[in-house]
Amino acid sequence: MVQPQEQKVSAGEFRPDNVVIIILESFTRETFGSLNTDLEGGSYRGYAPFLDSLMQKSLYFTHAYANGRKSMDAVPAILSSIPANQTPFILANQAGKKVESLASCLKAKGYETFFFHGSHNATMGFADFCQSADVDHYYGLDEYPAGKDFDGTWAYSTSHTCIIWPKNWTSARSHFYRRYSRCPRIIPT
C-alpha cells in the first residue's frame, strides 16, 4: 500500500514563475544520474545528462506512480488528475466537455499555456484533450515547420522540438511538453 507523504507548502505570496512540465514515457529511475548518487561509488552518470542538468535547477518529484495502462492515459492524469478507467478518458470525452486542469488553474493566474507534442495532431487524442483542458496553444506535427525532421512513422526528434520552443516563449509562462521514448537516449561516454 502506498503511504501518502505530507509536505508543507508555503502560504506565502504567489510567485508567477515559469512552469514547464516534461512528460516522459518508459523512463526509469536508473535513467538519471542525479537520482542514483549511491551507484558505482558515486560516479554513475545515467543516460540523460541534459535532463539531469535541468533537475539541478528545477522542482522534480522522486516518487512516481502509474495512473494508467496506456500512453493516452498520461496526459489527462498529469494535467487534470483524471484516473484511468476501462475506457481511456480521451476516448470517453468525445463531446469535448471542458475539464478542470492545471492549464485552467494557471490561466486564472494570467498564464498562457502551450503543449508541444512530436507526433501527428490526432495521435491519442492529445490535441482534443488539450482543447478540453483549456490549453491555449497546441503544437503537434502539423504546426512543426520542418517536415524533413519527421521520422516518417512516429514523431520528430526531441532535439528539433527545442527549435520551436524559444519562438513561443517570449511572454508565456507555462508549457507542457510530451516526449516520445522512441527518441535515442544520450549515453554518456
Side-chain angles (χ1 to χ4, degrees), residues 1-7 19-36 46-48 50-52 54-55 58-106 113-144 150-161 174-187:
M1 175 182 259
V2 176
Q3 296 297 320
Q5 296 186 3
E6 183 179 334
Q7 193 169 22
V19 177
V20 178
I21 297 173
I22 300 174
I23 302 171
L24 303 173
E25 180 175 350
S26 300
F27 279 66
T28 63
R29 186 179 185 92
E30 74 176 8
T31 303
F32 306 101
S34 59
L35 298 179
N36 293 285
Y47 302 100
F50 175 70
L51 292 176
D52 267 326
L54 286 180
M55 291 168 74
S58 307
L59 171 65
Y60 63 92
F61 302 92
T62 58
H63 293 78
Y65 306 96
N67 192 13
R69 296 174 301 281
K70 300 175 182 166
S71 299
M72 67 185 347
D73 294 330
V75 175
I78 293 166
L79 297 185
S80 295
S81 298
I82 297 173
N85 205 337
Q86 289 292 69
T87 302
F89 180 80
I90 285 178
L91 298 177
N93 190 29
Q94 291 299 315
K97 294 178 184 170
K98 291 288 184 192
V99 295
E100 185 77 17
S101 70
L102 183 56
S104 58
C105 291
L106 289 170
T113 56
F114 294 78
F115 187 95
F116 296 92
H117 177 246
S119 192
H120 297 282
N121 288 28
T123 301
M124 294 186 263
F126 291 155
D128 290 338
F129 176 77
C130 286
Q131 186 174 13
S132 296
D134 214 13
V135 172
D136 295 312
H137 307 281
Y138 177 92
Y139 287 86
L141 188 62
D142 294 353
E143 291 78 20
Y144 185 73
F150 181 59
D151 71 5
T153 304
W154 190 241
Y156 56 82
S157 170
T158 303
S159 61
H160 298 292
T161 305
S174 183
H175 307 278
F176 307 109
Y177 170 55
R178 171 147 172 80
R179 174 191 192 270
Y180 278 102
S181 57
R182 72 126 196 106
C183 300
R185 294 181 184 171
I186 300 169
I187 300 177

- Item | Working for side chain to side chain contact (heavy atoms under 4.5 Å, CB included), residues Leu54 and Tyr60 | CA-CA 9 Å; Leu54 286 180; Tyr60 63 92; over 6 Å; no

- Step-by-step side chain to side chain contact (heavy atoms under 4.5 Å, CB included) determination, Thr113 to His137: CA-CA 6 Å; Thr113 56; His137 307 281; over 6 Å; no

- Query: Going through the distances and angles, do Arg29 and Thr62 end up as a side chain to side chain contact (heavy atoms under 4.5 Å, CB included)?
  - Reply: CA-CA 8 Å; Arg29 186 179 185 92; Thr62 58; 4.1 Å; yes

- Query: Can you list the steps and then say if Tyr138 with His117 is a side-chain hydrogen bond (donor to acceptor under 3.5 Å, both in side chains)?
  - Reply: CA-CA 8 Å; Tyr138 177 92; His117 177 246; 3.1 Å; yes

- I would like to know whether Ser80 and Glu100 meet side chain to side chain contact (heavy atoms under 4.5 Å, CB included); could you show each step before the answer? CA-CA 6 Å; Ser80 295; Glu100 185 77 17; over 6 Å; no

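Under the 30°/60° scheme for interplanar angles, the aromatic rings of Phe114 and Phe116 are found to lie parallel. Below 30°, between 30° and 60°, or above 60°: for Phe89 and Phe129 the angle between ring planes is above 60°, a perpendicular geometry.
Between the side chain of Asp73 and the main chain of Lys70, a donor-acceptor pair closer than 3.5 Å is present. Between the side chain of Ser104 and the main chain of Ser101, a donor-acceptor pair closer than 3.5 Å is present. Between the side chain of Lys98 and the backbone N or O of Gln131 there is at least one donor-acceptor pair closer than 3.5 Å. In this structure, the side chain of Ser34 does not engage the main chain of Asp52 through any donor-acceptor pair within 3.5 Å. Checking side-chain atoms of Arg69 against main-chain N and O of Asn85 turns up a donor-acceptor pair under 3.5 Å.
The minimum heavy-atom distance linking Phe126 with Met72 is given by the pair CE2-CA, 4.0 Å. Counting all heavy atoms, side chain and backbone alike, Ser132 lies closest to Lys97 at CB-O, 3.4 Å. Counting all heavy atoms, side chain and backbone alike, Gly125 lies closest to Ile90 at CA-CG2, 3.6 Å. Contact between Val135 and Ala103 at its shortest, heavy atoms only, is CG2-CB, 3.8 Å. Minimum heavy-atom separation, Glu30 to Tyr47: O-CD1, 3.8 Å. The shortest heavy-atom contact between Phe115 and Cys130 is CG-SG, 3.5 Å.
Separating the CG atom in Leu102 from the CG atom in Asp134 is a distance of 11.5 Å, to the nearest 0.5 Å. Atom CG of Asp128 and atom CG of Leu91 lie 10.5 Å apart (nearest 0.5 Å).
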